[in-house]
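We use all heavy atoms of the structure for the numbers below, so side chains are in, but hydrogens, waters and symmetry mates are not. Just so you know, these numbers come straight off a predicted model, no measurement behind them. Each chain gets a letter, A, B and so on, in the order the sequences are listed, and its residues count up from 1.
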There are 2 protein chains.
Amino acid sequence: MSKGQETRQRLLDSAQQLMYSRSYSDVGVQEICNNAKVQKGSFYHFFASKSALTVEVLEQLKMQMIESILMPAFAKDLTPSRRFERFIDYAYQHQVQIKEEYGYVLGCPMGNIALEMSTQDETIRKKVETLFESIFYVFVDVLDDAKIAGELDADADTTELAQVCLAYGEGVLLIAKTKNDPEVVKQLLPYVSKLIGFKCLPD
Amino acid sequence: MSKGQETRQRLLDSAQQLMYSRSYSDVGVQEICNNAKVQKGSFYHFFASKSALTVEVLEQLKMQMIESILMPAFAKDLTPSRRFERFIDYAYQHQVQIKEEYGYVLGCPMGNIALEMSTQDETIRKKVETLFESIFYVFVDVLDDAKIAGELDADADTTELAQVCLAYGEGVLLIAKTKNDPEVVKQLLPYVSKLIGFKCLPD
DNA sequence: GGTTGACTTTACCGAACGGTCAACTAGAAT
DNA sequence: ATTCTAGTTGACCGTTCGGTAAAGTCAACC
């Protein structure tokens, strides 16, 4: 990676960390720069605006989420319903680790930015919308697998169920963040199987 | 109401409207005052800080939510499952109306503030937590009714189910806001009955 | 009629905001 | 050796931020 790209990456990482642990509005360009050891002028050499940087942060966030949680959790070495169980466990462990590190449950970085910025920055809103779509496809895929495996009714609407899963996941993380308690994730997220309607639930 | 209390109320209403349609951070004390036709000095006569005002806005929000949506929707003139259907319809209609009025789906005013402020202002976080508890009790109540009416298994954990309902509702509103589409509410919220596990679903 | 206290007005504070700009540096290409 | 350019630097812009303070207004009460 060239020197310039390294600087650029430091800005992205700095912004991601600061915005996730606090909020978009609470973190200024100056602070992002200080944290990344970059001068403000350089910031505007790489990014047109704070908003444009945020769109790239969101893209990075999506890639990390898919590679470090979604792909390993939904790997096809288990039955679809077991994959969901693994996903729930990963999500729980992740929030536990976040709380240890920051002292706060931080929830979903995309959901956080979505609620804060959707009415204020159309570019950011659109970006989060497509991010959610990417995650949505992952859910559709595993739900289609469940159909094939006979764990799900053949007439189930997998695209609708995928949306339902996404919504419920975001909701659980919102409550967990509000209560500042990762145990909420462990307690509530398993109900997603009732939502999906898996035929033979392991108990 | 005395003149002072009227001024105070105008500030609360102004803050509620502005913060709901945008965000906590994006709305300044000055703008709240301009909108309420009150001088900034008066603001600090009535409220110790922007944060303290917000706590009172949240309290007002809770009361409005309970009186104008929760109480009428969950009134005991219908069976518990029918009450949920009515609640879903109210929630949908409300977001439709909001979108007509503001051009944006604004979701849940409490959820919005919760995600934005939970890590930055402990007083606000705590307040939202107790707000959610009040709503939670409403759900517990109707779920207990459902048990008595035989619409719900006698061994169902109503306190856990109430939390699940709350989480799912918040999640659906988050997605609806992100997509800026109130139809999401109409499409996804009915799945709450699968989550609860009503015995005899009307279809 | 003078005093009190709630409320209003206005000017002000230092700090931070997002963003701009021109000058500068250093390494690669010609 | 010189030119070009990606990247860096730090000063600067006007505006807004949350919050303070002091003077002024007005109605109620003694």
Side-chain angles (χ1 to χ4, degrees), chain A residues 1-58 113 116-125 127, chain B residues 1-58 113 116-125 127:
Chain A
M1 209 189 298
S2 74
K3 190 142 180 299
Q5 292 307 303
E6 266 175 43
T7 306
R8 187 187 155 85
Q9 192 58 50
R10 277 211 311 283
L11 285 168
L12 283 168
D13 293 342
S14 165
Q16 177 176 323
Q17 198 228 90
L18 289 170
M19 284 182 187
Y20 183 36
S21 63
R22 311 234 292 281
S23 75
Y24 177 92
S25 306
D26 197 49
V27 175
V29 173
Q30 189 61 61
E31 191 180 2
I32 293 169
C33 292
N34 294 345
N35 192 254
K37 263 121 195 129
V38 172
Q39 299 296 328
K40 207 183 195 169
S42 288
F43 180 101
Y44 286 96
H45 174 74
F46 292 108
F47 303 100
S49 65
K50 187 185 173 189
S51 168
L53 162 91
T54 305
V55 169
E56 294 208 37
V57 166
L58 285 166
I113 292 182
E116 183 183 355
M117 300 305 295
S118 280
T119 55
Q120 291 174 60
D121 190 310
E122 181 64 12
T123 314
I124 290 178
R125 190 197 66 77
K127 183 70 190 176
Chain B
M1 209 188 305
S2 75
K3 191 140 181 296
Q5 291 308 303
E6 265 175 44
T7 306
R8 187 187 155 85
Q9 192 58 48
R10 276 209 313 282
L11 285 167
L12 283 169
D13 293 342
S14 164
Q16 177 176 322
Q17 197 226 92
L18 290 170
M19 284 181 187
Y20 183 36
S21 62
R22 311 233 292 283
S23 76
Y24 177 92
S25 306
D26 197 50
V27 175
V29 173
Q30 189 61 61
E31 192 180 1
I32 293 168
C33 291
N34 294 345
N35 192 256
K37 263 121 195 130
V38 171
Q39 301 296 329
K40 206 181 192 171
S42 289
F43 179 101
Y44 286 96
H45 174 74
F46 292 108
F47 304 101
S49 65
K50 186 184 173 189
S51 168
L53 162 89
T54 305
V55 169
E56 293 209 38
V57 166
L58 285 166
I113 292 181
E116 183 183 355
M117 300 306 296
S118 280
T119 56
Q120 292 173 60
D121 189 310
E122 181 64 13
T123 314
I124 290 178
R125 205 215 96 234
K127 183 68 191 177

Worksheet item: Got a sec, which pairs hit salt bridge (Lys or Arg N to Asp or Glu O under 4.0 Å) with one end in residues 27-37 of chain A, sequence neighbours left out?
Response: A/Arg22-A/Glu31
Worksheet item: Roughly, in whole Å, what's the span from CG in B/Leu11 to P in C/dT9?
Response: 12 Å
Worksheet item: For B/Asn34 and B/Gln30, does a side-chain donor sit closer than 3.5 Å to a side-chain acceptor?
Response: yes
Worksheet item: Which pair of heavy atoms, one from B/Arg10 and one from B/Val38, lies closest together, and at what distance?
Response: NH2-CG2, 3.6 Å
Worksheet item: Could you give the CE-to-P distance, from B/Met19 to D/dC17, as a whole number of Å?
Response: 12 Å
Worksheet item: A/Tyr24 and A/Glu116: which non-hydrogen atoms are nearest, and at how many Å?
Response: N-OE1, 3.1 Å
Fill in: B/Lys50 side, atom NZ; B/Tyr44 side, atom OH - distance, nearest 0.5 Å
8.5 Å
Item to complete: For DNA chain D, determine which residues of residues 40-52 of chain A have any heavy atom closer than 4.0 angstrom to one of its atoms, and list them numerically.
Response: A/Gly41, A/Ser42, A/His45, A/Phe46
Fill in: Nucleotide C/dG19, atom P - distance to CD of A/Gln39 in whole Å
18 Å
Worksheet item: Which residues in residues 21-36 of chain B have at least one heavy atom lying under 4.0 Å from any atom of DNA chain D?
Response: B/Val27, B/Gly28, B/Val29, B/Gln30
Worksheet item: Under the side chain to side chain contact (heavy atoms under 4.5 Å, CB included) criterion, do A/Cys33 and A/Leu11 qualify, and how do the steps go?
Response: CA-CA 7 Å; A/Cys33 292; A/Leu11 285 168; 4.3 Å; yes
Worksheet item: Hey, does the side chain of B/Ser49 reach the backbone of B/Ala52 with a donor-acceptor pair shorter than 3.5 angstrom?
Response: yes
Discussion item. Ignoring hydrogens, what is the shortest heavy-atom contact between B/Ile32 and B/Ser14? Give both atom names and the distance.
Written reply: O-OG, 2.8 Å
